[in-house]
Amino acid sequence: MTTETRKKTKTGPTAERTGEGNMAVTEIVMPRMGTPDVLTQRRRPLSSPSDDEAVVRVEAAGVSFAEVQMLRGRYFNQPKFPFVPGYDLVGRVTEVGADVTVIEPGQRVAALTETGAWSDHVVLPAGKLAPVPDELDPTAAVAVVTNGVTAWQMLHRVAEVKAGETVFVHGASGGVGTLLTRLARLADVRVIGTASAEKQDAVRELGAIPLEYRNDDVPARVRELALDGVDAVFDHVGGPGLTDSWRMLGSGGTLVSYGVAGTLDAKGHRLRPFVPIVARLLFWKLLPNGRDATFYYVDRWPKYFREDVTKLFDLLARGELDATIDEQFPLSRASEALEKLDSGKVTGKVVLVPDGE
Ligand SMILES: NC(=O)c1ccc[n+]([C@@H]2O[C@H](COP(=O)([O-])OP(=O)(O)OC[C@H]3O[C@@H](n4cnc5c(N)ncnc54)[C@H](OP(=O)(O)O)[C@@H]3O)[C@@H](O)[C@H]2O)c1
């Protein structure tokens, strides 16, 4: 749409814009493959929202494993370099296009962006925004956007867990894993979860039975703890261990595969690790033995995003769910934040906040 045909936008009390191009955006750029120190910061004019878009001043943006993969060129939906990373955000609407009625300037919102959130302002389709209760801390709220919706949908829309069941969570200390564990415990589901040796206590505190994935004989320990097999397994590791995950299932159980973290440093095409996974999942799914196997990705049900993230915000607001925040970094230190996540020394979520907060 040209400037001549654009309708007027609506601004609220928090809007900083005084005219098109008058405001600059500060954003982080991933220019090429490499280590986190390749990230750069740039400024550019903020573009005006089109009629169905909104401008959001970012209050918190998540740092996720997807960016670790993108930096190695190994994310399944790899964006072309250079690009602005950032999978999810929480912020305040400062301006909306003329046709936007669902969201108002001044409102706090969340969005799943896949890329682009590591910025102080973003322009997004208003239909992608979900309202966030004002009383929530933006840092806690952003921790349940991608990771929370992933965990919620895998538990309640895919595996359809019920009170009294037992599930197995690989990486129960991670961003998704901590939320899978907390949400399962909230639903009165027993959790057996793996973590490295130094994170065993953190996993126990979440209410799970911790196992150490490097030294324990995990399948044998799970057989001892769940004699009839578990009701669901959540596997983000992939690789040959996926067969162990399948074998842990009891009758009627569901294997949910949702990542290939174990092949992060593999050579060859980035989609290659998915081929044997998808083939095995399909084969297992077709076996007439009452068990199910499926691959989950967070964009599988865009129509449920608003509904599911709203449930998670409600749980946070009522104090029934906590988000585990490992550390928050100012936007200008995004490379340190990504380096920390990549180091494996993280328990929970790493978050970027505007400089000076
Ligand atoms: N499909 C989707 O839509 C979707 C959405 C979100 C995330 N994901 C995927 O989910 C995965 C986790 O993301 P995240 O943000 O939670 O990452 P994260 O915070 O870095 O957590 C990774 C977790 O994996 C554990 N881990 C590492 N190697 C392991 C192994 N060999 N066996 C078992 N656990 C292992 C780590 O445990 P220690 O730190 O204790 O070693 C840590 O708890 C990534 O692969 C990501 O791509 C997928």
Side-chain angles (χ1 to χ4, degrees), residues 62-72 74-78 87-88 112-114 142-155 157-158 168-182 191-204 206 208 210-216 218-219 222 233-242 244-245 248 256-266 270 273-274 277-278 281 294-302 304-305 308 323-327 337-351:
V63 179
S64 67
F65 196 79
E67 286 98 31
V68 173
Q69 294 170 313
M70 288 176 191
L71 189 59
R72 286 169 168 80
R74 296 202 66 82
Y75 181 61
F76 81 99
N77 190 23
Q78 180 71 29
Y87 218 99
D88 48 16
L112 191 67
T113 49
E114 196 172 25
V142 84
V144 302
V145 178
T146 306
N147 290 353
V149 169
T150 299
W152 176 273
Q153 294 189 339
M154 290 197 299
L155 280 167
R157 294 200 184 275
V158 184
F168 180 82
V169 175
H170 285 275
S173 54
V176 177
T178 50
L179 283 161
L180 269 170
T181 304
R182 286 186 193 278
V191 180
I192 306 168
T194 59
S196 49
E198 60 276 19
K199 296 181 186 170
Q200 297 285 295
D201 286 344
V203 169
R204 193 173 292 109
L206 293 171
L211 299 180
E212 216 269 82
Y213 64 83
R214 287 199 185 90
N215 297 320
D216 286 341
V218 172
V222 173
V233 177
F234 302 96
D235 188 316
H236 69 296
V237 184
L242 196 66
D244 290 331
S245 292
M248 285 175 198
V256 189
S257 164
Y258 69 105
V260 291
T263 58
L264 183 62
D265 293 314
R270 65 178 195 281
F274 290 95
I277 290 182
V278 171
L281 292 173
T294 189
F295 193 86
Y296 169 88
Y297 53 96
V298 69
D299 244 354
R300 177 165 165 182
W301 290 300
Y304 293 133
F305 171 70
D308 292 347
T324 308
I325 307 299
D326 183 272
E327 190 169 354
L338 188 53
E339 191 166 357
K340 176 144 196 213
L341 185 66
D342 197 7
S343 72
K345 294 189 184 122
V346 168
T347 301
K349 188 76 182 166
V350 177
V351 178

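Counting convention: from 1, in listed order, for ligands and their atoms alike.
- Taking the centre of each ring, H236 and F234 stay at or above the 6.0 Å mark.
- Listed by chain and number, residues touching ligand 1 at under 4.0 Å (heavy atoms only) are F65, Q69, T150, G171, S173, G174, G175, V176, T194, A195, S196, K199, Y213, H236, V237, Y258, A261, Y296, Y297, V298, L341, G344.
- In this structure, a donor-acceptor pair under 3.5 Å is present between the side chains of Y75 and E114.
- Between D244 and V218 the shortest side-chain heavy-atom distance does not fall below 4.5 Å.
- Counting heavy atoms from C-beta on, the side chains of D326 and K340 come closer than 4.5 Å.
- Within the 3.5 Å criterion, the main-chain N or O of M70 finds a donor-acceptor partner in the side chain of Q78.
- Side chains of Y304 and Q153: no donor on one and acceptor on the other come within 3.5 Å.
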